Amino acid sequence: MRIGELARRTGVSTRALRYYEEQGLLRPERRSSGYRDYGDTAVSTVRHIRLLLSAGLGTAVIAEILPCVPDDTTVLAPTCPELLDGLAEERTRITAAIERLAAARDILDALIATGTAGQRPGGQEM
DNA sequence: CTTCTGACA
DNA sequence: TGTCAGTA
């Protein structure tokens with residue numbers, strides 16, 4: 001199928017589809033016309049990409065994960081052993097990021113609290 | 001009518 | 001990402 005049909009069948013814009021290819025996530029064949037030619041498995045591959053993307057993974061990481069996923073399966077079925085380690089590392093990074101954000105939020109909470117106090121009688125300015 | 005590449009008010 | 005251009 002050509003890019004237009006894949007776009008309709010996945011709900012993903014042709015722009016994004018070409019972008020995925022640039023990032024090495026999709027490798028469609030090329031027709032003599034120069035048009036991209038996608039196999040039926042591309043539909044599930046795109047779904048996998050969207051899922052991984054929504055999990056917060058970057059295109060570089062996804063590019064490494066995709067070849068470890070059976071083309072048709074609806075759910076991600078880790079076939080490569082090192083894949084799990086990589087995902088665990090991602091999880092660690094995300095956890096660290098959450099902690100940094102929580103710390104930033106605590107600081108903002110403190111700032112907001114003192115600011116609110118300053119707006120009412122008896123409040124202490126910083 | 002559809003796709004392609006490159007570019008950006 | 002959308003979108004416009006100028007083609008094939």
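Everything quoted here is computed from the prediction, not taken from an experiment. The chains referred to below are lettered A, B, ... by the order of the sequence lines, with proteins before strands, and numbering in each begins at 1.
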| Has Arg18(A) got a side-chain N or O lying under 4.0 Å from the OP1 or OP2 atom of dC4(B)? | yes
| query | Do Leu53(A) and Tyr20(A) come close enough that some side-chain heavy atom pair is under 4.5 Å? | reply | yes
| said: Could you check whether Glu90(A) pairs with Arg93(A) (Lys NZ or Arg NE/NH1/NH2 to Asp/Glu carboxylate O, under 4.0 Å)? | reply: yes
| request: Inspect the contact between Glu22(A) and Arg18(A) and indicate whether a charged nitrogen and a carboxylate oxygen are less than 4.0 angstrom apart. | output: no
| field | Arg36(A) side chain near Arg30(A) side chain, heavy-atom distance below 4.5 Å | value | yes
| said: For a quick check, with a 4.0 angstrom heavy-atom cut-off, what is the B/S/- contact string for nucleotides 1-8 of chain C, read 5' to 3'? | reply: BBB----B
| pair Arg50(A)-Thr10(A): side-chain heavy atoms closer than 4.5 Å | no
| said: Using 0.5 Å steps for rounding, measure from the CZ atom of Arg2(A) to the OG1 atom of Thr14(A). | reply: 12.5 Å
| query | So what does Arg31(A) hit on the nucleic acid, given a heavy-atom distance under 4.0 Å: a base, only sugar-phosphate, or nothing? | reply | nothing
| query | In whole angstrom, what separates Arg30(A)'s CZ from dT2(B)'s P? | reply | 19 Å
| remark: Between CZ of Arg36(A) and P of dC4(B) the distance, given in whole Å, is 4 Å
| task | Using the criterion of both pairing distances under 3.5 Å for Watson-Crick and G-U wobble pairs, give all stems of 3 or more consecutive pairs involving DNA chain B. | result | B:4-8 with C:2-6
| Heavy-atom check, side chain of Val61(A) versus side chain of Leu52(A), under 4.5 Å | no
| Minimum side-chain heavy-atom gap Ile49(A)-Leu26(A) below 4.5 Å | yes
